[in-house]
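For reference, the structure is listed below as structure tokens.
The basis for the numbers below is simple: all heavy atoms, side chains too, and nothing from hydrogens, waters or symmetry mates.
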Amino acid sequence: MKTALITGITGQDGSYLAELLLSKGYEVHGLIRRASTFNTRRIDHLYHDPHGNGEMPKLFLHYGDMGATDTLLDVIYTTKPDEIYHLAAQSHVRVSFDMPEYTGNITGIGTTRILEAIRKSGLKTRFYQASSSELFGDAKPPQNEETPFHPRSPYAAAKLYAYWMANNYREAYNMYTVNGILFNHESPRRGETFVTRKITRAVAAIRAGKQNKLFLGNLDAKRDWGYAPEYLEMMHLLLQQDEPDDFVIGTGEAHSVRDFLDEAFGYADMDWHKYVEIDPRYFRPTEVDYLLCDPTKARTKLGWEPRVKFHELVRIMVDADLELAGLSIPGEGKRIVDEKFGNWHRWEDQVISMDQLTTG
């Protein structure tokens, strides 16, 4: 049985990755921050009470913080993981402008803390660094592994530091470290303040009579949007290769926020122009206008092709938020998930609880 440690296990990516690794027979350990309220709703369906029906748990949670070296050392020495998936970060780009120092400490230097802990432990742990397409910033699309980086936010700058530290430890200490430079990947578990989820939640809330307006920023920004569970399969695949290497991961298609509005509201037979208003507060001080992945390397070297494209992604997310709101759903999203992902990723594990649907 392999052992994996996931930082950021309670987030969108961490929860899907935990599902995937458990389905493959891993013992999974997750790092979570101590809080006075529970923040584990995305992984609650994976947890088995050791005092329950006698089933031995394979998911274990550990308190820790990316700003506290001693907790990271303790978890790594205790769990001795074969693989570490480092997903934890202050990951909201707009918020990083308001909290640049914190973002640099957690998103950037936090990566160094884990790499040092692995090095000092002497373990042959394989390390995955969750890099981001935000590294490319203003670079001309399409972007691939050879595209020069031009970060345009404190978040992107912190991720760039982490990217090069992962490479440095690979070259200096012969550690197995890889960077997955993932373009935008979405799902019904996406955080509620990210634009895609904000839109699909609004579709459901407006249909339910709980919301009147949706306030957004730049509608012309273009992104390469994919379906998160596929990208988690890719994370695992990158750590199974004979030699470590860095890859960009995306669909090879780009769509604007305006396109997302057209697709989401149109799928629910609604006209978004009646509900959407622009709020200047949601514009970034420096915008990233156009991110488009060139996934040639992943396709040729790893045989990876995305199964879910833009239109299907939107349907999955709208269906899930309509169901959370207690409304009838067209069902296209459920069919897509069931057909393309089989047993490890099921529709009912996406739609977690009604408290994900809030209004405002």
Side-chain angles (χ1 to χ4, degrees), residues 6 9-24 26 28 40-47 59 85 87 182-192 194-204 207 223-237 249-253 255 259-260 263-269 295 298 303-357:
I6 304 172
I9 193 172
T10 59
Q12 168 190 257
D13 291 3
S15 66
Y16 283 125
L17 180 59
E19 284 181 0
L20 176 65
L21 296 180
L22 289 169
S23 76
K24 292 180 177 293
Y26 278 66
V28 176
T40 59
R41 66 170 185 255
R42 291 186 179 97
I43 57 173
D44 284 344
H45 64 288
L46 301 175
Y47 180 74
L59 173 64
Y85 297 86
L87 313 181
L182 273 55
F183 283 67
N184 292 61
H185 45 290
E186 318 296 319
S187 77
R189 296 185 193 173
R190 188 56 144 153
E192 291 89 342
F194 289 84
V195 66
T196 53
R197 186 76 197 288
K198 193 173 178 180
I199 291 171
T200 61
R201 286 174 58 240
V203 169
R207 283 285 295 270
R223 294 292 185 269
D224 186 326
W225 276 307
Y227 185 47
E230 291 194 84
Y231 290 56
L232 279 302
E233 292 176 330
M234 192 62 172
M235 288 184 189
H236 177 259
L237 182 61
I249 307 300
T251 68
E253 296 181 4
H255 298 270
D259 294 336
F260 202 101
E263 192 69 28
F265 278 82
Y267 179 55
D269 197 25
W304 187 79
E305 292 277 2
R307 286 166 282 172
V308 174
K309 294 297 184 73
F310 177 73
H311 302 288
E312 295 176 312
L313 167 67
V314 176
R315 283 161 169 70
I316 291 170
M317 294 182 67
V318 172
D319 272 1
D321 275 321
L322 287 172
E323 186 168 331
L324 283 175
L327 302 173
S328 61
I329 63 172
E332 180 68 8
K334 183 180 190 302
R335 182 193 63 78
I336 293 166
V337 170
D338 290 342
E339 283 186 0
K340 296 181 183 292
F341 291 89
N343 292 328
W344 86 262
H345 172 49
R346 300 181 301 275
W347 171 268
E348 58 267 26
D349 290 337
Q350 296 184 72
V351 184
I352 302 164
S353 64
M354 278 297 294
D355 64 7
Q356 283 189 317
L357 184 65

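In this structure, L182 CG and L232 CG are separated by 8.0 Å, a value rounded to the nearest 0.5 Å. Here the NZ atom belonging to K309 is positioned 8.5 Å from the NE2 atom belonging to H255, to the nearest 0.5 angstrom.
Scored by the side chain to side chain contact (heavy atoms under 4.5 Å, CB included) test, L327 finds R207, A208, L322, A325 as partners (sequence neighbours excluded). For E312, the side-chain hydrogen bond (donor to acceptor under 3.5 Å, both in side chains) criterion is met by no residue, not counting sequence neighbours. Partners of K198 by salt bridge (Lys or Arg N to Asp or Glu O under 4.0 Å), not counting sequence neighbours: none found. Residues satisfying the side chain to side chain contact (heavy atoms under 4.5 Å, CB included) test with T200, not counting sequence neighbours, are R197, F260, M317, V318, D321. Residues satisfying the side-chain hydrogen bond (donor to acceptor under 3.5 Å, both in side chains) criterion with D259, sequence neighbours excluded, are S256. A search for side-chain hydrogen bond (donor to acceptor under 3.5 Å, both in side chains) contacts involving R223 returns nothing, not counting sequence neighbours. For E305, the side chain to side chain contact (heavy atoms under 4.5 Å, CB included) partners at least two apart in sequence or on another chain are R299. Qualifying salt bridge (Lys or Arg N to Asp or Glu O under 4.0 Å) partners for K24, counting only residues two or more places apart in sequence or in other chains: none. The side-chain hydrogen bond (donor to acceptor under 3.5 Å, both in side chains) search around Y267 returns D319, not counting sequence neighbours.
A salt bridge does not link E192 to R201: none of the charged side-chain nitrogens sits closer than 4.0 Å to a carboxylate oxygen.
Heavy-atom minimum distance, A268 versus V203: CB-CG1, 3.6 Å. Of all the heavy atoms in Q12 and R189, the pair that sits closest is CB-O, 3.6 Å. Taking all atoms of both residues into account, the shortest heavy-atom contact from I199 to A264 is CG2-CB, 3.9 Å. Between H236 and L21 the shortest heavy-atom distance is CD2-CD2, 3.5 Å. Nearest approach of L313 to G226, heavy atoms of both residues: CD2-O, 3.6 Å.
The closest side-chain heavy-atom distance from W344 to P229 is below 4.5 Å. In this structure, D13 and Y85 have side chains that are not in contact, with every pair of non-hydrogen atoms separated by 4.5 Å or more. Taking 4.5 Å as the limit, every side-chain heavy atom of I316 sits out of range of all side-chain heavy atoms of S187.
In this structure, H185 and Y231 have parallel ring planes: the angle between them is below the 30° cut-off, well short of the 60° mark. Ring-plane geometry between F310 and W225 is classed as parallel, the angle between the planes falling under 30 degrees on a 0 to 90 degree scale with a further cut at 60.
Under the ring pair (Phe, Tyr, Trp, His ring centres under 6.0 Å) criterion, the residue pairs touching residues 318-341 are Y227-F341, F341-H345, with sequence neighbours excluded. Listed by first and then second residue, the ring pair (Phe, Tyr, Trp, His ring centres under 6.0 Å) pairs involving residues 316-339 amount to none (not counting sequence neighbours). Applying the salt bridge (charged side-chain N to carboxylate O under 4.0 Å, His left out) test to every pair with at least one member in residues 226-237, sequence neighbours left out, gives these pairs: E230-R307, E233-R307.
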Handout entry: side-chain contact (heavy atoms from CB on, under 4.5 Å) evaluation trace for T196 with N184
Key = CA-CA 10 Å; T196 53; N184 292 61; over 6 Å; no
